[in-house]
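What follows is a single structure, written as structure tokens, with notes after it.
Each chain gets a letter, A, B and so on, in the order its sequence line appears, and its residues count up from 1.
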Amino acid sequence: MQDEHKQRLFTLIGAIPKGKVAAYGQLANLAGLPRQARAVGRLLKELPKGSALPWYRVVNSQGKISFPCGSKKYIEQKEHLELEGIVFIKDKINMRIYQWD
DNA sequence: AAGGTGACTCTGC
DNA sequence: CGCAGAGCCACCT
């Protein structure tokens, strides 16, 4: 993946408003990378743990967290989101309401 | 160089 | 709502 695209993704993710979320595929599209939702996931995976990027505002298209329910990562992400006012129902959120745009 | 993998997504039952 | 199957595609072996 090109550096240019990585930069665009970083910028986009950093631009997600507090209290809103974006799907992997959505970000890929906005960055000019159609059909590369997985690339977004890879990028987030390689982030340093102390990154300032709001990686937790990225969920899958179903409005669910892409980690095994109950895992440490899962809980960490969920807490961040709830702290911003996002409400979980049955381990998922209402994308109609929270999706960025 | 061929095959496996996965922070994905869509469709259908 | 849940599970399965099938695309999809950059990376790693």
Exercise. Could you give the start and end, 5' to 3', of the contact zone on DNA chain C for chain A, using atoms under 4.0 Å from its heavy atoms?
Worked result: C/dC1 to C/dC11
Problem set entry | Residues A/Arg8, A/Glu4: salt bridge by 4.0 Å N-O rule | yes
Problem set entry | From CA spacing to verdict: side chain to side chain contact (heavy atoms under 4.5 Å, CB included), A/Leu44, A/Val58 | CA-CA 9 Å; A/Leu44 293 190; A/Val58 184; 3.9 Å; yes
Exercise. What pair of heavy atoms forms the shortest contact from A/Ala23 to A/Met95, and how long is it?
Worked result: CB-CE, 4.4 Å
For this session: Classify the angle between the aromatic ring planes of A/Trp55 and A/His80 as parallel (below 30°), tilted (30 to 60°) or perpendicular (above 60°).
Result: perpendicular
For this session: Considering only NZ, NE, NH1 and NH2 on the basic side and carboxylate oxygens on the acidic side, decide whether A/Lys49 and A/Glu76 come within less than 4.0 Å.
Result: no
For this session: Using the side chain to side chain contact (heavy atoms under 4.5 Å, CB included) rule, pick out the option among A/Thr11, A/Leu9, A/Leu12 that qualifies with A/Leu30.
Result: A/Leu12
Problem set entry | Any A/Phe88 side-chain heavy atom under 4.5 Å of A/Leu81 side chain | yes
Exercise. If every non-hydrogen atom of A/Tyr24 is compared with every non-hydrogen atom of A/Ser66, which pair is closest and at what distance?
Worked result: CE1-OG, 3.5 Å
For this session: Using the side chain to side chain contact (heavy atoms under 4.5 Å, CB included) rule, pick out the option among A/Ile86, A/Leu83, A/Ile65, A/Val59 that qualifies with A/Lys78.
Result: A/Ile65
Exercise. What string of B, S and - do you get for nucleotides 8-13 of chain B, 5' to 3', when a contact is any protein heavy atom under 4.0 Å?
Worked result: BSS---
For this session: Would you mind reading off the distance between A/Arg42 atom CZ and B/dG6 atom P, rounded to a whole angstrom?
Result: 12 Å
For this session: Mind listing the residues from residues 86-101 of chain A sitting with a heavy atom below 4.0 Å of DNA chain C? Number order is fine.
Result: A/Lys92
Exercise. To the nearest Å, how far apart are A/Leu43 CG and B/dG6 P?
Worked result: 18 Å
Exercise. With the threshold set at 4.0 Å, does a side-chain nitrogen-carboxylate oxygen contact exist between A/Glu84 and A/Arg57?
Worked result: yes
